[in-house]
Amino acid sequence: MSSPIESDQSSPPNFCGQRVLVTGGNGFIGSHLTEKLVSLGAHVTVIDRGDHYQSKSLAAVFDRIEYLRHDLMSIDFDHLATTGFHTVFHFAGSATVPGSVDNPWEDFQMNLMVSLRLMESLRVRQRQSTALILVSSAAVYGDTTTAPIGEDTPTEPISPYGVSKLAMDRYAEVFARLYGLRIGVLRPFAVYGPRLQKQVIYDFMRKLKCNPRRLDAHGNGTQLRDFCYVSDVVDAAVAIATHAPLKGEVYNIASGVGISIGEVLELLSERLGVQPVIHWSGTVRPGEPQKWIADITRIRSLGWEPQVTLESGLDRTVEWFTQADFEPTSRVMH
């Protein structure tokens, strides 16, 4: 992997008046990113296959964006590549390890094929001026014993999801080096926050709401995760688009601090006012690692620092959960 080059970190993000595309902008990270970009003055176009009329994710900014409802498996990227977007944030795709284990072909299509079609359209249309920000995953590292995990840690994915994301990362580096495309890649670790209706924190809250006295959980509680609040991930994406050399390099996005799943459950139980009896299964789901703690030195070199502590982030997430009127969510194209 190429290493980042020092860049000017003193100037604030400047998206005022710029045309920006966000794929998957109706989903979890994508909707928070869209709100951020609108606040920075960007003219944002969102592409998502979700029905925005049934979604509350973009309600705060919907009258200030252009929304295109499309399935990215069939959309004409060549047309989009000619419309002159200053920056493309590609945040659509499959985002679940268990889903990739159940349906690896769908995961391959949604993660690798769509991303490659987007890069190829920019190449063919010679859009080297467009910044392309791709979202990958810490799943590319697999169940490594290295701690903390740096971007140059050997990648040994243990799920189809990790494989598809790693292949995308490699294509990004090659397309940047061979064709001069401006590409940067995020590798988020355990992202959480309002609007996410899957993964461990949401699953714990949902189970405790249904039964505050007992909770069944995977593993034994010692699995380590490096959680990062969604607004910090959004700020990292903006920092990469603004300050990174965009030569196909990748950036770990996390807090740099590990915590056990058992400790997270204790923090959630405290905030929800419950004292459940926990029944650990003793085994983890296929494709899930035991330990993830990130080295975030590289993204820090762009002037980014995590701003939200886990305690504060859980406070905000629990507040959202207790007040939310949930709607059905899709497993893919977030």
Side-chain angles (χ1 to χ4, degrees), residues 1-23 29 33 36-37 40-42 81 84-91 93 112 115-116 118-138 140-141 148-155 165-189 191 228 232-256 294-307:
M1 284 293 175
S2 56
S3 298
I5 301 172
E6 291 296 326
S7 59
D8 179 16
Q9 302 164 23
S10 59
S11 59
N14 181 17
F15 285 91
C16 187
Q18 294 180 359
R19 299 191 66 242
V20 177
L21 175 66
V22 181
T23 69
I29 302 177
L33 173 62
K36 178 71 172 185
L37 292 168
L40 293 174
F85 288 106
H86 179 274
T87 307
V88 175
F89 293 91
H90 181 44
F91 278 63
L112 182 56
S115 301
L116 183 55
L118 177 55
M119 285 185 272
E120 176 68 353
S121 294
L122 293 173
R123 180 190 73 86
V124 170
R125 298 293 179 175
Q126 298 184 355
R127 298 301 305 181
Q128 283 82 1
S129 63
T130 299
L132 175 60
I133 310 302
L134 301 171
V135 60
S136 180
S137 170
V140 302
Y141 298 114
I149 300 169
E151 289 87 351
D152 296 323
T153 295
T155 48
K165 287 297 190 180
L166 179 59
M168 183 195 73
D169 295 357
R170 296 289 192 258
Y171 271 108
E173 183 182 22
V174 169
F175 269 61
R177 185 177 68 248
L178 286 183
Y179 309 122
L181 295 186
R182 302 179 64 235
I183 306 176
V185 182
L186 291 81
R187 282 181 181 166
F189 278 61
V191 187
C228 193
D232 283 334
V233 178
V234 166
D235 288 345
V238 170
I240 292 169
T242 306
H243 296 307
L246 301 180
K247 296 183 181 296
E249 71 278 6
V250 300
Y251 297 87
N252 286 341
I253 311 299
S255 69
D295 180 342
I296 55 175
T297 303
R298 183 175 292 184
I299 185 63
R300 278 177 163 154
S301 74
L302 302 183
W304 176 90
E305 286 286 343
Q307 300 297 311

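One is the number of the first residue; the rest follow in order along the sequence.
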Asks: Can you name the nearest heavy-atom pair linking R182 to S129, along with the distance?
Replies: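 Between these two residues, the closest heavy atoms are NH1-O, 3.4 Å.
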
Asks: Let me confirm one number: the CG-CG distance from L112 to L166, rounded to the nearest 0.5 Å.
Replies: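 So the CG of L112 and the CG of L166 are separated by 10.0 Å.
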
Asks: Working to the nearest 0.5 Å, report the span between CZ of F91 and CD1 of I133.
Replies: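 Nearest 0.5 Å value for the CZ-CD1 distance: 8.0 Å.
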
Asks: Donor-acceptor check, side chain of T242 to backbone of A239, threshold 3.5 angstrom: yes or no?
Replies: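 Answer holds: no.
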
Asks: So which heavy atom on A294 is nearest to which on A254, and how close?
Replies: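 Closest approach of A294 to A254: CB-CB, 3.5 Å.
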
Asks: Nearest 0.5 Å, what's the SG-CD1 distance between C228 and I296?
Replies: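 Here the interatomic distance stands at 7.5 Å.
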
Asks: Establish, from distance only, whether the side-chain atoms of H86 and T130 form a donor-acceptor pair under 3.5 Å.
Replies: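 Looking only at side-chain atoms, T130 and H86 do not form any donor-acceptor pair under 3.5 Å.
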
Asks: Within the distance-only criterion (no hydrogens, no angle test), does the side chain of K165 pair as donor or acceptor with the backbone N or O of A138 below 3.5 angstrom?
Replies: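 Side chain of K165 to backbone of A138, a donor-acceptor pair under 3.5 Å: no, none is there.
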
Asks: Quick check: does any side chain N or O of R298 sit under 3.5 Å from a backbone N or O of V250, one acting as donor and the other as acceptor?
Replies: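 Side chain of R298 to backbone of V250: a pair is present.
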
Asks: Can you name the nearest heavy-atom pair linking Y251 to A244, along with the distance?
Replies: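 Scanning both residues, the minimum pair turns out to be OH-CB, 3.3 Å.
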
Asks: Which residue, I29, L186, L37, forms the side chain to side chain contact (heavy atoms under 4.5 Å, CB included) with F89?
Replies: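 Only one of I29, L186, L37 forms a side chain to side chain contact (heavy atoms under 4.5 Å, CB included) with F89, namely L37.
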
Asks: With distance as the sole test, does E249 use its side chain to make a donor-acceptor pair with the main-chain N or O of K247 at under 3.5 Å?
Replies: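 Judged by distance alone, yes, a pair lies under 3.5 Å.
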
Asks: Looking only at non-hydrogen atoms, find the nearest pair between V185 and A172 and report the distance.
Replies: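 In terms of heavy atoms, the two residues are closest at CG2-CB, 3.9 Å.
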
Asks: Test L246 against every option in I240, I183, T87, L132 by the side chain to side chain contact (heavy atoms under 4.5 Å, CB included) rule and name the one that passes.
Replies: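 The side chain to side chain contact (heavy atoms under 4.5 Å, CB included) with L246 is passed solely by I240 among I240, I183, T87, L132.
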
Asks: Determine the sole option in N252, T153, T155 for which the side-chain hydrogen bond (donor to acceptor under 3.5 Å, both in side chains) test with Y141 is passed.
Replies: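 It is N252, the one option of N252, T153, T155 that forms the side-chain hydrogen bond (donor to acceptor under 3.5 Å, both in side chains) with Y141.
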
Asks: Work out which heavy atom in D232 is nearest to a heavy atom in Q307; give both atom names and the distance.
Replies: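 Scanning both residues, the minimum pair turns out to be OD1-N, 2.9 Å.
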
Asks: Can you measure from OG (S115) to CD (E120) and round to the nearest 0.5 angstrom?
Replies: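 Result: 13.0 Å between the selected atoms.
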
Asks: Is the shortest side-chain N to carboxylate O distance from E173 to R170 below 4.0 Å?
Replies: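 Looking at E173 and R170, the cut-off is not met.
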
Asks: Under 4.0 Å between a Lys/Arg side-chain N and an Asp/Glu carboxylate O for R300 and D295?
Replies: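 Result for this pair is no, no salt bridge flagged.
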
